[in-house]
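Following: one structure in structure tokens, then a few remarks.
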Amino acid sequence: MRTISYREAVRQAMLEEMRRDPNVVVFCEDARFWTMPTHGFVDEFGPDRVPVMPISEEGFTGAAIGAAMTGVRPIVDYTIANLMYVAWDQIVNHAAKNRYLFGGQASVPIVFRAAMKYANATAAQHSDRPYPQLMNVPGLKIVVPSNPADALGLLKSAIRDDDPVVYFEPLLLWGAKGEVPDGEHLVPIGQAAITRPGRDVTVVAIGDAVPTALKAAGALAKDGTEVEVIDPRTLVPLDKTTILESVARTGRLVIADPAHKTCGAAAEISAIVAEEGFGSLRAPIVRVVTPDVHPPFSPALERLMYPTPQRIADAVRTVLGAPSAVKDLVS
Amino acid sequence: MALSPEVLAEMYRRMLRIRLFEESAQALKTEGVIPGSIHLSIGQEAEIVGACMAVERRDYMLGNHRSHGHPIGKGAALAPLMAELLGRRTGVNQGKGGSMHLADFSVGSLGESSIVGSGIPVAAGAALAAQLRGEDRVCLCFFGDGASNEGMFHEGLNLAAIWHLPVIYLCENNGYGATTSAREVVAVTDIADRAAGYGIPGEIVDGQDVVAVHEVVTRAVERARRGEGPTLVEAKTYRYDNHAFGLHIENYRTTEEREQWLRRDPIPLLRDRLVADGVLSDDAAKTVEDEARAEVAAAVDFARTSPFPEPAEAFDHLFTVPLPARTAG
């Protein structure tokens, strides 16, 4: 075991895969800048595999698709998740669809890396968590790692995957450190993790809501409530079996997700459990998510948006039958 | 450089294949056998074949919604193309793409796209892959006058230029984006002039003259193979049908204009030239015509008698490996 940061795990995954496979290339604006996980890559791999990149998100996404259909495995780094919108047509209409449209004649093995910069006072155009929008697009796989070991293992699996994978990184976690196994570490896409076992309430948490949920679980344990924290890790394909089995044991479900409420991952998980696990439920499902409003710039307002240990703990108490402690954010 | 009689005869053959394929598609659409919309290449055969025959089978090609001519020009078998138009499981895309998205990777056709301009950066990427592997493949990218107003035109040409990519950007300027005249919406008279913005050569060519197109594109291919980067070629051409077959909206073009272009129909233009130059006898030309007619008829037969896909096939090809059962979606 070694202890590294989430950011370092992302860097290690790319380095290991680029050393292993000469077809792996990186498309990233400012890849040489010292703050980027790709810092130093041009020196090691040369400008052919780390080409200098203009600010042309739609253009270089299209180029990645053309390269991917002809044998290259690009990692496309949007730096900030919102910048993906500039390339939306190429991601949604082409990367996701080409294999299907062309009757399986080509695969599109691309990893789209998107760092989500919310809770960082960058206002609405830089703070989105856009994975729910892409969950609505068949043909894309979507991962949201919540710790360094998963960041390493899922990015390596994503790079080896023959289909497009969108890899969302909560920037809040870039500095978080954690243990990663020595040697080759791969985490399979489509497998949830039971991050903390517990018998009373299932909390499915996404991205940086995972460490937040673990804090809530620690506090609740002092009162004798055992929370089971499940990290789906992959949203498409979603490991519904692990979630349904947990709800079958606990009978109670809270979902914590920093994305917006409507049509989000939490909504989808709620629907799956309502459809396939209704008989196990002993209380209504509660979602701890971001309200359907843009992230405001002022920290005084933005800090009200995302799941906190307190909000998650309140939701757990509610599904356990306490008078509802879950309030609207500004009520 | 004079082209050999064999090459000239092959040009005539491919142009006829496109024309006859399109005429059959019109008939099948009218009959109700082809679902969806079709955008015909009738009138544009010379620029398609002239460009396609300037590249090799191993070279890549991308195109747009007006898509039947491009793979035919590149040498694709006709029967799977026609079966695709009819939505059959034997279609080149197995019934998943239809008219606007034909792709035949076996001849380097990386797919037509129905989103205007979207193939332009994708072509740069395919060329980049060839460059990375040290191959001397080039990529030929067809798009229309309308696409030259898309942001992807700018981003794609700039990428190809800064990376010195082996791409031939072939603008098929047929004068209209659907019903809107290029004269009204393109800020320059000649789209080739836009090449200057990327520091690459821009060439204008008569799109009704297959030999002229072949010559200009051959020069661009040679540049590309030498590592000198992309070229923008603008072929001035005309589509004789509407934007999509069956759209009865002709008042955006004048009869005089249409008749003027019909007088320069690329098929008789080439035939007359080949016969006059003694390249093909009248009989030999007839033989080529009979053979092309028989090929298209066989393709129509194949398509009509092919089965439709089974319901379970709707889920094929979404992912390379089907998702595990324990997952949702």
Side-chain angles (χ1 to χ4, degrees), chain A residues 22-23 25 27 48-49 51-54 56-72 74 86 89-90 93-94 96-109 135 138-139 141 161-163 190-191 234 236-243 268-269 271-272 276, chain B residues 60 62 84 89 91-98 100-106 109-111 113-115 117-133 137 139 141 151-152 154-160 162-163 165 316-321 323-329:
Chain A
N23 287 314
V25 303
F27 285 9
D48 284 351
R49 292 180 64 194
V52 64
M53 205 55 59
S56 298
E57 289 84 3
E58 189 177 23
F60 66 66
T61 303
I65 292 165
M69 291 198 301
T70 51
V72 172
V86 182
D89 170 63
Q90 288 291 346
N93 264 329
H94 305 274
K97 294 177 184 170
N98 278 3
R99 184 181 161 73
Y100 189 79
L101 267 179
F102 302 156
Q105 291 182 76
S107 292
V108 188
M135 287 173 73
K141 296 180 182 176
D161 201 283
D162 286 331
D163 293 309
Q191 230 175 65
T234 300
V236 180
L238 180 70
D239 176 0
K240 65 177 183 180
T241 302
T242 296
I243 295 168
E268 184 60 29
I269 292 166
I272 289 168
E276 300 182 44
Chain B
Y60 299 129
L62 285 116
E84 186 61 31
R89 73 189 307 192
V92 71
N93 303 29
Q94 300 193 33
K96 296 293 178 48
M100 294 192 288
H101 310 102
L102 299 174
D104 185 347
F105 278 62
S106 71
S109 153
L110 305 183
S113 167
S114 56
I115 304 296
S118 65
I120 295 174
V122 178
L128 179 73
Q131 188 190 62
L132 268 171
R133 285 192 291 263
R137 283 190 221 232
C139 185
C141 179
M152 283 179 279
H154 168 64
E155 294 192 18
L157 263 67
N158 187 60
L159 284 173
I162 61 169
W163 294 338
L165 296 176
D316 288 350
H317 312 304
L318 183 59
F319 290 107
T320 306
V321 178
L323 300 182
R326 63 183 285 116
T327 59

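Naming: A, B, ... by sequence-line order, numbering from 1 per chain. All values below were derived from every heavy atom in this structure, side-chain atoms included, with hydrogens, water molecules and symmetry-related copies excluded.
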Original post:
Which distance, rounded to the nearest 0.5 Å, do you find between the CD of A:Glu58 and the NE2 of B:His154?
Top reply: 11.0 Å
Subject >> chain A contact via B:Leu132 - side chain, backbone, both or neither, heavy atoms under 4.5 Å >> reply: side chain
Subject >> Atom group of B:Ile162 that falls short of 4.5 Å from chain A, counting heavy atoms >> reply: side chain
Subject >> chain A contact via B:Arg137 - side chain, backbone, both or neither, heavy atoms under 4.5 Å >> reply: neither
Subject >> Among B:Gln94, B:His101, B:Glu84, residue most engaged with chain A (heavy-atom pairs, under 4.5 Å) >> reply: B:His101
Original post:
Who among A:Ala68, A:Pro109, A:Gly139 has the most heavy-atom pairs with chain B under 4.5 Å?
Top reply: A:Gly139
Subject >> Contact winner vs chain A - B:Asp104, B:Leu318, B:Leu165, B:Asn158, heavy-atom pairs under 4.5 Å >> reply: B:Leu318
Original post:
Based on non-hydrogen pairs under 4.5 Å, which of B:Gly98, B:Ala129, B:Ser106 is most in contact with chain A?
Top reply: B:Ala129
Subject >> Those residues that, when tested against B:His317, pass ring pair (Phe, Tyr, Trp, His ring centres under 6.0 Å) (two or more places apart) >> reply: none
**OP:** Counting only heavy atoms closer than 4.5 Å, note whether A:Glu57 contacts chain B via side chain, backbone, both or neither.
**Re:** backbone
**OP:** Locate the shortest heavy-atom distance separating B:Pro121 from A:Gly59; write the atom from each residue and the value.
**Re:** CB-O, 3.3 Å
Original post:
Is any side-chain heavy atom of B:Ile115 less than 4.5 Å from a side-chain heavy atom of A:Gln90?
Top reply: no
Original post:
Which region of B:Asp316, side chain (C-beta onward) or backbone (N, CA, C, O), has a non-hydrogen atom less than 4.5 Å from a non-hydrogen atom of chain A, or is it both or neither?
Top reply: backbone
Original post:
Roughly how far, to the nearest 0.5 Å, is CG of B:Leu62 from CE of A:Met69?
Top reply: 6.0 Å
**OP:** Output all residues satisfying salt bridge (Lys or Arg N to Asp or Glu O under 4.0 Å) with A:Asp162, sequence neighbours left out; order by chain, then residue number.
**Re:** A:Arg73
Subject >> Most chain B-contacting option - heavy-atom pairs closer than 4.5 Å, from A:Lys141, A:Met135, A:Met53 >> reply: A:Lys141
**OP:** Measure A:Val108 against the heavy atoms of chain B and call it side chain, backbone, both or neither at under 4.5 Å.
**Re:** neither
Original post:
What's the shortest heavy-atom distance between A:His94 and B:Ser113, and which atoms?
Top reply: CE1-OG, 3.2 Å
Subject >> chain A contact via B:Ser114 - side chain, backbone, both or neither, heavy atoms under 4.5 Å >> reply: neither
Original post:
Non-hydrogen atoms of chain A under 4.5 Å away: do they reach the side chain of B:Leu110, the backbone, both or neither?
Top reply: both
Subject >> Options A:Ile272, A:Thr70, A:Asp48, ranked by heavy-atom pairs under 4.5 Å with chain B, top entry >> reply: A:Thr70
**OP:** Please state whether the side chain, the backbone, both or neither of A:Asp239 comes within less than 4.5 Å of a heavy atom of chain B.
**Re:** both
Subject >> Heavy-atom pairs under 4.5 Å with chain A, option from B:Gly97, B:Gly156, B:Ser118 with the top count >> reply: B:Ser118
Original post:
Roughly how far apart are A:Phe27 CZ and B:Leu128 CG, rounded to 0.5 Å?
Top reply: 5.0 Å
Original post:
What's the shortest heavy-atom distance between A:Gly190 and B:Thr327, and which atoms?
Top reply: O-CG2, 4.0 Å
Original post:
Would you say A:Gln105's side chain and B:Val92's backbone share a donor-acceptor pair under 3.5 angstrom?
Top reply: yes
Original post:
Do A:Pro54 and B:Leu159 come within less than 4.5 Å of each other through their side chains, counting heavy atoms only?
Top reply: yes
Original post:
Does B:Arg326 reach the side chain of A:Thr242, with side-chain heavy atoms less than 4.5 Å apart?
Top reply: yes
**OP:** Could you tell me which of B:Ala124, B:Ala126, B:Ala123, B:Gly111 has the largest number of non-hydrogen atom pairs under 4.5 Å with chain A?
**Re:** B:Ala126
Original post:
Taking every heavy-atom pair that is under 4.5 Å apart, which of A:Ile65, A:Leu238, A:Val52 has the most such pairs with chain B?
Top reply: A:Leu238
